[in-house]
4 protein chains.
Amino acid sequence: MARPKSEDKRSAILAAATRVIASQGLGAPTATIASEAGVSNGSLFTYFPTKADLLNHLYLELKGEMATAALGDVSAASNVREPLLALWTQWLHWAVASPEKRRALAHLAVSDDITPASREAGHQAMAGIAKLLDRSRGGGPLCDAPLGFVLALMNALADTTVDFMIQDPGHAEDHCRVSFDALWRMVS
Amino acid sequence: MARPKSEDKRSAILAAATRVIASQGLGAPTATIASEAGVSNGSLFTYFPTKADLLNHLYLELKGEMATAALGDVSAASNVREPLLALWTQWLHWAVASPEKRRALAHLAVSDDITPASREAGHQAMAGIAKLLDRSRGGGPLCDAPLGFVLALMNALADTTVDFMIQDPGHAEDHCRVSFDALWRMVS
Amino acid sequence: MARPKSEDKRSAILAAATRVIASQGLGAPTATIASEAGVSNGSLFTYFPTKADLLNHLYLELKGEMATAALGDVSAASNVREPLLALWTQWLHWAVASPEKRRALAHLAVSDDITPASREAGHQAMAGIAKLLDRSRGGGPLCDAPLGFVLALMNALADTTVDFMIQDPGHAEDHCRVSFDALWRMVS
Amino acid sequence: MARPKSEDKRSAILAAATRVIASQGLGAPTATIASEAGVSNGSLFTYFPTKADLLNHLYLELKGEMATAALGDVSAASNVREPLLALWTQWLHWAVASPEKRRALAHLAVSDDITPASREAGHQAMAGIAKLLDRSRGGGPLCDAPLGFVLALMNALADTTVDFMIQDPGHAEDHCRVSFDALWRMVS
DNA sequence: TATGAATGAGGATTCATTCAT
DNA sequence: AATGAATGAATCCTCATTCAT
């Protein structure tokens with residue numbers, strides 16, 4: 001049945017896009033992405049009919065991977081502080097360890113090419129995080145705020161912290177701990 | 001080397017850039033900005049030799065205006081909570097009232113065209129805010145973190161809150177108050 | 001070298017090409033033609049090694065069908081006017097009834113991809129028509145002109161008439177009759 | 001007031017388009033047209049915002065020139081045959097002498113890029129010809145047919161004749177005369 | 001033989017910047 | 001200084017054709 005569309009190639013394109021977008025921004029030529037993926041420029045378009053389509057898929061993939069990493073090893077312990085700390089630590093360490101994915105995601109997050117549907121799906125991907133956060137706030141001071149708002153605040157804190165962890169690797173763990181404490185004061 | 005003739009034209013270009021970038025993003029053609037400013041294509045380049053140069057100046061102007069607005073009416077009262085609250089309120093309301101400036105600034109903040117020097121100058125513009133924040137944290141839990149880090153965390157909180165105030169104008173004041181309380185718990 | 005397996009598929013491709021070219025012109029992608037024919041992209045090229053080749057075959061097929069239709073029921077009556085009228089009527093009605101074939105043929109007729117050999121073969125296909133026309137002009141005013149020239153003039157008249165018959169179906173029969181009379185005055 | 005848009009350059013582009021389209025068809029790259037005109041590819045688009053726009057303007061220019069040439073020296077003589085013959089002769093000789101313009105016009109006439117408005121304007125350009133033709137048919141056999149139909153028939157005859165005049169230059173004048181007589185029989 | 005993925009040379013158009021007026 | 005035409009590199013995407021399966 002002819003050559004089947006190769007999952008490897010698709011992944012290679014997404015991986016290449018991550019690298020190229022991280023370093024050149026969203027203006028990066030599709031041709032550069034293709035060649036970085038070891039694929040002809042025409043082939044890129046058999047996997048993603050449009051640059052915007054590629055961007056949307058990449059957005060979802062990265063958002064999903066981030067959420068998965070953050071939730072990786074969160075035991076449903078009896079108290080709530082421990083799981084949230086585990087989440088926070090894993091999240092930030094994933095981001096620090098994947099600077100290109102993080103940069104690419106940052107570019108994508110502000111792009112006009114990302115459709116509302118993709119943004120919605122991106123939020124779904126973070127549902128697990130949201131749930132844990134919800135448990136954490138309990139009946140605390142943020143209990144009446146929309147969960148999406150609280151989640152966004154946490155997200156903003158995480159992003160900012162990662163910036164400083166990368167900038168100043170000597171104190172990365174300090175920053176991580178300090179910001180978690182700040183978060184905890186905020187929500188609990 | 002004399003300063004270009006019309007200060008008015010320079011301002012018109014910056015104002016037009018704000019509007020155009022807010023609606024079309026950083027990819028907006030210089031020709032569009034020029035015509036929105038009522039100036040010819042070529043004239044734009046006598047005021048700003050380069051598109052990147054225009055972007056950097058706009059970044060600084062907007063950042064400066066934001067800081068000025070935030071610090072507008074902050075009396076050096078005896079306690080520290082009041083001034084910080086005033087700062088917060090003014091900051092967020094300026095942002096809500098100036099959606100184009102805010103959007104443009106958001107685009108600029110992630111642009112690769114903004115030089116490190118501009119970013120540094122942008123931080124300087126926020127020195128007044130930083131000072132107040134420094135007083136606010138006093139010897140509290142964040143007293144050992146770099147001030148820049150704490151400032152960045154506050155900035156992230158502010159930005160996120162404004163998003164929700166604009167999205168959900170009916171509860172704008174709630175969001176503003178809730179996030180200030182969260183900030184206060186974080187820093188004090 | 002054996003003939004390709006399925007004569008059906010060959011026909012399907014030609015039929016699909018007729019439809020697609022009629023609506024999209026000669027720029028129509030081969031992939032579109034293939035899929036309209038229910039055949040894969042690649043298969044098209046086992047039946048026609050080249051797009052140009054497909055075009056040439058289609059040209060001949062349509063030209064042949066047109067000639068056949070025109071000559072369909074032309075009894076070799078004693079006088080010459082009757083057969084020519086029958087020819088004219090059948091020709092024009094075939095064209096009106098097969099608008100896609102006609103449109104496709106019109107596109108093909110002006111294409112640079114049609115080889116001189118195909119054009120020549122196309123003329124051969126019209127030999128029957130030419131013969132009848134030759135009888136019709138007899139020793140009349142056009143008796144000294146090259147037969148090909150006279151044939152081309154008739155062809156041009158036919159084409160133009162069909163345009164108006166399609167455009168203005170209410171008077172199709174009028175146009176058909178009027179133009180035949182004009183032709184008759186021209187040749188006899 | 002800056003460099004004014006040069007009428008020369010505009011003409012050069014149209015002339016180049018005529019030549020290039022005559023030899024390569026409508027698929028001719030705009031870049032080829034621009035370079036043939038001695039202009040940068042970008043400049044072409046300051047004169048014609050779109051390839052389709054260029055095509056439409058060229059269509060009108062060529063149609064107009066053709067009509068002007070045909071009507072060039074048609075004295076309003078007392079009888080009607082003389083003026084029509086003059087028209088016919090001038091028309092055909094213009095076409096024979098301007099093979100590139102003729103070929104380009106033939107390509108344009110069947111293009112989907114030519115708008116209905118342009119076609120309408122093209123017909124207007126032939127109003128003078130139509131008027132003369134109308135006088136010529138008088139109360140003759142074609143007096144009840146739509147004038148547009150009769151005009152189209154004449155047009156078709158002219159085109160076909162020119163083909164043969166070019167193909168067989170030795171008998172060009174014969175063909176011209178023969179076809180005029182045929183036309184005259186048709187209309188009068 | 002049939003399939004459809006792979007290829008890569010184009011092609012129309014945009015745009016920052018320069019330069020003639 | 002102001003204008004806007006001129007430039008040409010760069011970009012996304014298409015498509016005839018080839019080739020692995």
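Every chain is numbered from 1, with letters handed out A, B, ... down the list of sequences.
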SB check A/Arg102 A/Asp159 (cutoff 4.0 Å) | yes
C/Arg10 with C/Glu7: basic N within carboxylate O range, under 4.0 Å = yes
Residues A/Arg103 and B/Asp112 bridged, charged N to O under 4.0 Å = yes
Quick one: stems for DNA chain E, with Watson-Crick or G-U pairs under 3.5 Å, at least three in a row?
-> E:2-21 with F:2-21
Separation of D/Ile33 atom CD1 from E/dG10 atom C1', in whole Å?
-> 15 Å
Reading nucleotides 5-12 of chain F 5' to 3', which nucleotides get B (base under 4.0 Å from a protein heavy atom), which S (sugar-phosphate only), which -?
-> BSBBB-SS
Judged by nearest nucleotide, the residue sitting upstream toward the 5' end of DNA chain F, A/Pro49 or C/Thr50, is A/Pro49
In whole Å, what is the span from the CD1 atom of C/Ile21 to the P atom of F/dC15?
-> 14 Å
Closest heavy-atom pair, D/Leu55 versus D/Ile114, reported as atoms and distance to 0.1 Å, is O-CD1, 3.8 Å
C/Asn56 and C/Thr115: which non-hydrogen atoms are nearest, and at how many Å?
-> OD1-N, 3.0 Å
How long is the line joining CG of B/Asp53 and C1' of E/dT18, in whole Å?
-> 17 Å
Do you know which two heavy atoms are closest between B/Lys51 and B/Phe45, and how far apart they sit?
-> N-CE2, 4.3 Å
Value in whole Å for how far the C1' atom of F/dT14 lies from CZ of A/Phe48 | 19 Å
Of all the heavy-atom pairs spanning B/Gly64 and B/Ala125, show the shortest one and how long it is.
-> CA-CB, 4.3 Å
Nearest-Å distance for atom pair CG/P, residues C/Leu54 and F/dT17 = 10 Å
Would you check, one step at a time, whether the test side chain to side chain contact (heavy atoms under 4.5 Å, CB included) holds for A/Asn41 with A/Thr30?
-> CA-CA 7 Å; A/Asn41 63 45; A/Thr30 52; 5.8 Å; no
